[in-house]
Amino acid sequence: MATNRVRVWDRFVRVFHWSLVASFATAYFYTEHIGWVHKGAGYLALALIAARCVWGFIAPSPHARFANFVPTPGRLLTYLGQLLRGREPRHLGHNPAGAVMILYLLVAVGVIGVTGHLMTTDAFWGNELVETLHVTTVDITVIAVIVHVGANLYESIRHRENMFKAMVTGDKNAPGSQHPQR
């Protein structure tokens with residue numbers, strides 16, 4: 001059975017996404033003695049965030065550009081109202097709530113990386129405020145990641161579109177397609 005598929009997530013976005021997942025998870029689980037694995041994963045996450053920020057302005061794919069997915073407050077509130085009523089529309093790219101989550105995750109991982117680096121410097125070694133900001137941002141980000149995964153699971157079921165597979169292949173059902181991905 002042929003399906004009408006459209007490329008949504010370009011290769012850069014997909015490689016960035018899964019590389020960030022791997023680097024964040026590695027840094028999170030390798031904290032004993034805060035050795036080179038933890039630090040290396042943190043620096044990799046910072047490099048990924050920097051590259052994604054550049055890509056958000058120059059990407060040829062419209063779904064990767066910040067200008068095309070960052071919602072206005074009005075669009076976000078409208079979408080959230082639709083979501084609460086169970087009438088949210090399907091979006092080919094990020095929905096407004098998903099876009100806000102992506103922005104949060106980019107900023108939070110950046111804060112985690114910068115504060116982690118600062119803790120290795122003479123000026124901030126042992127600085128309780130920097131360490132608290134680092135650890136608290138990690139804890140909040142873990143919760144955000146759980147919400148992000150749950151929201152993608154919800155959207156996969158609600159719109160009959162395997163969001164996890166789409167982030168691997170880059171493809172989603174075209175608007176109006178009568179052949180949902182199984």
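Just so it is clear, the structure is predicted and the values come from calculations on it, not from any experiment.
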> Taking atom CH2 of Trp125 as the centre, does the number of heavy atoms from other residues, nucleotides or ligands within less than 6.0 Å exceed 12?
Replying inline: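 No, CH2 of Trp125 has 12 or fewer neighbouring heavy atoms, counting only those of other groups under 6.0 Å.
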>> If you count heavy atoms of other groups shown closer than 6.0 angstrom to OH of Tyr30, is the number above 12?
In response: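 At most 12 heavy atoms, drawn from other residues, nucleotides or ligands, come within 6.0 Å of this atom.
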>> Assess whether a salt bridge exists between Arg158 and Glu88, defined as any Lys/Arg side-chain N lying under 4.0 Å from an Asp/Glu carboxylate O.
In response: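 A salt bridge links Arg158 with Glu88.
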As an exercise, state the distance from [atom1] of [X] to [atom2] of [Y], rounded to the nearest 0.5 Å.
X: Leu133; Y: Met119; atom1: CG; atom2: CE; result: 9.0 Å
X: Phe16; Y: Leu106; atom1: CZ; atom2: CG; result: 5.0 Å
X: Leu80; Y: Arg75; atom1: CG; atom2: CZ; result: 11.5 Å
X: Arg90; Y: Lys172; atom1: CZ; atom2: NZ; result: 5.0 Å
X: Ile140; Y: Thr136; atom1: CD1; atom2: OG1; result: 6.0 Å
X: Asp139; Y: Thr137; atom1: CG; atom2: OG1; result: 8.5 Å

>> Counting C-beta onward and ignoring hydrogens, is there a side-chain heavy-atom pair between Leu83 and Tyr154 closer than 4.5 Å?
In response: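 SC-SC contact between Leu83 and Tyr154 confirmed.
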> Is there a side-chain contact between Leu48 and Leu44, using heavy atoms and a 4.5 Å cut-off?
Replying inline: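 When only atoms from C-beta onward are counted, Leu44 and Leu48 do touch, with a gap below 4.5 Å.
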> Is the His38 to Tyr28 ring centre distance short of 6.0 Å?
Replying inline: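 Centroid separation for His38 and Tyr28: 6.0 Å or greater.
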> So, Arg14 side chain and Val168 main chain: donor-acceptor pair closer than 3.5 Å or not?
Replying inline: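 Yes; judged by distance alone, with no hydrogens or angles, the pair exists.
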>> Using modelled atom types and a 3.5 Å cut-off, is there a donor and acceptor pairing between side-chain atoms of His134 and backbone atoms of Thr115?
In response: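 Not a single qualifying donor-acceptor pair exists.
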In the single-linkage hydrophobic clustering (I, L, V, M, F, W, Y; side-chain heavy atoms under 4.5 Å), do [X] and [Y] co-cluster?
X: Leu105; Y: Val107; result: no
X: Phe69; Y: Val54; result: yes
X: Ile146; Y: Ile102; result: yes
X: Ile49; Y: Tyr43; result: no
X: Leu46; Y: Val111; result: no

If every non-hydrogen atom of [X] is compared with every non-hydrogen atom of [Y], which pair is closest and at what distance?
X: Ala41; Y: Ser23; result: CB-O, 3.4 Å
X: Glu161; Y: Asn173; result: OE2-N, 3.1 Å
X: Arg65; Y: Pro60; result: NH1-O, 3.1 Å
X: Trp18; Y: Phe164; result: CZ2-O, 4.3 Å
X: Ala174; Y: Val6; result: CA-CG1, 3.9 Å
X: Ser156; Y: Met163; result: OG-N, 2.9 Å

>> Between Val13 and Arg52, is the side-chain contact (heavy atoms from CB on, under 4.5 Å) condition met? List the steps.
In response: CA-CA 8 Å; Val13 168; Arg52 180 62 180 96; 4.3 Å; yes
> Can you check side-chain contact (heavy atoms from CB on, under 4.5 Å) on Leu129 and Phe124, steps first, answer last?
Replying inline: CA-CA 9 Å; Leu129 178 62; Phe124 293 98; over 6 Å; no
Go through the side-chain N and O atoms of [X] and [Y] and say whether any donor and acceptor fall under 3.5 Å apart.
X: His91; Y: Tyr79; value: no
X: Asp171; Y: Trp9; value: no
X: Thr141; Y: Tyr104; value: yes

>> One pair to check against side-chain contact (heavy atoms from CB on, under 4.5 Å): His63 and Asn68. What are the steps and the verdict?
In response: CA-CA 6 Å; His63 298 291; Asn68 292 338; over 6 Å; no
> Should Glu131 and Glu128 be marked as a side-chain contact (heavy atoms from CB on, under 4.5 Å) after you check the CA-CA gap, both sets of side-chain angles, and the distance that decides it?
Replying inline: CA-CA 5 Å; Glu131 185 174 345; Glu128 194 172 311; 5.7 Å; no
